[in-house]
Number of protein chains: 2
Amino acid sequence: MQIAVHSNQSDFSPRQNAVLDSALRLLVDGGEKALTTAGVARAANCSKESLYKWFGDRDGLLSAMIGFQASKVRTFEAHAGRLDAAKLHELLVTFAHDLLDVLAGDVSLALNRLAIGQASRDGSKLGHMLQERGRRQIGKRAGALLEAARRARLVRFDDADEAYGTLYGLIVSDLHLRMLLGEPISEKDRNFDRRAERAIDAFLRLYGTNENSAAS
Amino acid sequence: MQIAVHSNQSDFSPRQNAVLDSALRLLVDGGEKALTTAGVARAANCSKESLYKWFGDRDGLLSAMIGFQASKVRTFEAHAGRLDAAKLHELLVTFAHDLLDVLAGDVSLALNRLAIGQASRDGSKLGHMLQERGRRQIGKRAGALLEAARRARLVRFDDADEAYGTLYGLIVSDLHLRMLLGEPISEKDRNFDRRAERAIDAFLRLYGTNENSAAS
DNA sequence: CTCAATCAGTACCGTACGGTACGGTTCGTG
DNA sequence: CACGAACCGTACCGTACGGTACTGATTGAG
């Protein structure tokens, strides 16, 4: 794994970041219902008045939480060296594993639940933010990798977005939704190593140009 | 398409079903926030007292709404006749299209949002119900079809659940989540015919035994 | 007709939350 | 020290919601 590049520095003071951290913790533990302004103030040892001064209102706090969390998710540099089939396979598996780790994270699940819960009333502002700062970033990483693989004649596709969509579906399937619904996830589904391997094998069988890269 | 088999008769009187219909309408239009007991009573021309007598409390109403909606979703009989490659392809495409239609439905999206929003506090009772009555039913249909295809030597797989997971991922990818988040869906993504075709082609390339069934 | 049951409509209660105002404390600066 | 800004803790206000109680109208059985 490479080092974080886009530090995505958050727009808030350290004190405010600490408050946002407490708020995220509260959200993860108790869901949206537990995320009251009084609760955040108590958990963060700050006053409600400061909350409103810093974040405007409750929605501003929610937006700030998403922005803050996004600033902590590291985005990775595309591989720089020469790509061969084995290296591509390895990078794709790493990507798949990272993606699953992110989606399965406590905070990610809580924020997605929050944004989905508000999707009907706020014009999807939070959902849009989550998509833009979350999936889009990780999608750019995958897109760059796929594009490099295509230039190296290791994969073939017409539409990069469609190829990425297939890759995403093979990796995640309905696991993300099941986790969002709170379903208990079986041990087998929790085995991200195997899941990533299977998904990438299938993806390369579909899009790979070098058949031996798909050793079933 | 075949005719509904499991009528899944709802456990409520016609009057109560009408109330549940109003409640669903309210939920679809305004999200969970708009689904107040007073609002339901007003929309359905019934009294709050009756609501509480019939459904116990607000959670009971939510559960009843999910059960009521599930009772309206038709589940289909597995194909009875002899399967060949072309027929399998057709049935799979139909399945994919039906799945996408269900997931993209107003009521389905609203109920999924509701269950996800409550996943943190109610021990996923609603989410579990949704999974059990929704995905599980449609999954059984796909499972039966895949099993029949395997017996006919048209596809090969070890783990039926895994094969279904792959099929689901290829069909849906992250479209469901994007819809739940309220993202505007592009015209291309809304083209379920093409999407279903592509997914089934890919699935048969991965699992099919007869290579000519995958005419790219 | 009479009685009992059901239900719509409404008023009501307790509570919890978003948002605001205020007193007291800390801390940096001249 | 003196002053002021930032801020914590808390009290407060208006509102909205879940849930309950009451009243009057309708209906169906004996």
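Quick note on labels: first sequence line is chain A, next is B, and so on, each numbered from 1.
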Who passes side chain to side chain contact (heavy atoms under 4.5 Å, CB included) against B:D59, sequence neighbours left out?
B:D57, B:L62, B:Q118
Taking salt bridge (Lys or Arg N to Asp or Glu O under 4.0 Å) as the definition, give me every residue that meets it alongside A:R136, ordered by chain and number, with sequence neighbours left out.
A:E132
What residue pairs, at least two apart or across chains, pass ring-ring contact (aromatic ring centres under 6.0 Å, His included) with a residue in residues 116-146 of chain A?
none
Partner set under side chain to side chain contact (heavy atoms under 4.5 Å, CB included) for B:N45, not counting sequence neighbours:
none
Salt bridge (Lys or Arg N to Asp or Glu O under 4.0 Å) filter on B:D189, not counting sequence neighbours, yields B:R178, B:R195
Residues which pass side chain to side chain contact (heavy atoms under 4.5 Å, CB included) with A:H176, listed by chain and number, not counting sequence neighbours
A:L103, A:L109, A:N112, A:Y168, A:V172, A:M179, A:L180, B:L177
Using C1' atoms of five pairs at each end, report the bend of the helix from C:dC1-D:dG30 to C:dG30-D:dC1 rounded to 10 degrees.
0°
Sequence neighbours left out, what passes side-chain hydrogen bond (donor to acceptor under 3.5 Å, both in side chains) with A:S173? Give chain and number order.
none
For A:D122, salt bridge (Lys or Arg N to Asp or Glu O under 4.0 Å) partners two or more places apart
none
In plain terms, say whether A:R198 and A:D193 are close enough for a salt bridge, that is, a side-chain N and a carboxylate O under 4.0 Å apart.
no
Listing request: all salt bridge (Lys or Arg N to Asp or Glu O under 4.0 Å) pairs with a residue in residues 101-117 of chain A, at least two apart in sequence or in separate chains.
none
Anything under 4.0 Å to a heavy atom of chain A counts; send over the first and last such nucleotide of DNA chain D, read 5' to 3'.
D:dC7 to D:dG9
Classify every nucleotide of nucleotides 4-9 of chain C by which part a protein heavy atom approaches to under 4.0 Å, writing B for the base, S for the sugar-phosphate alone and - for neither, in 5'-to-3' order.
---SBB
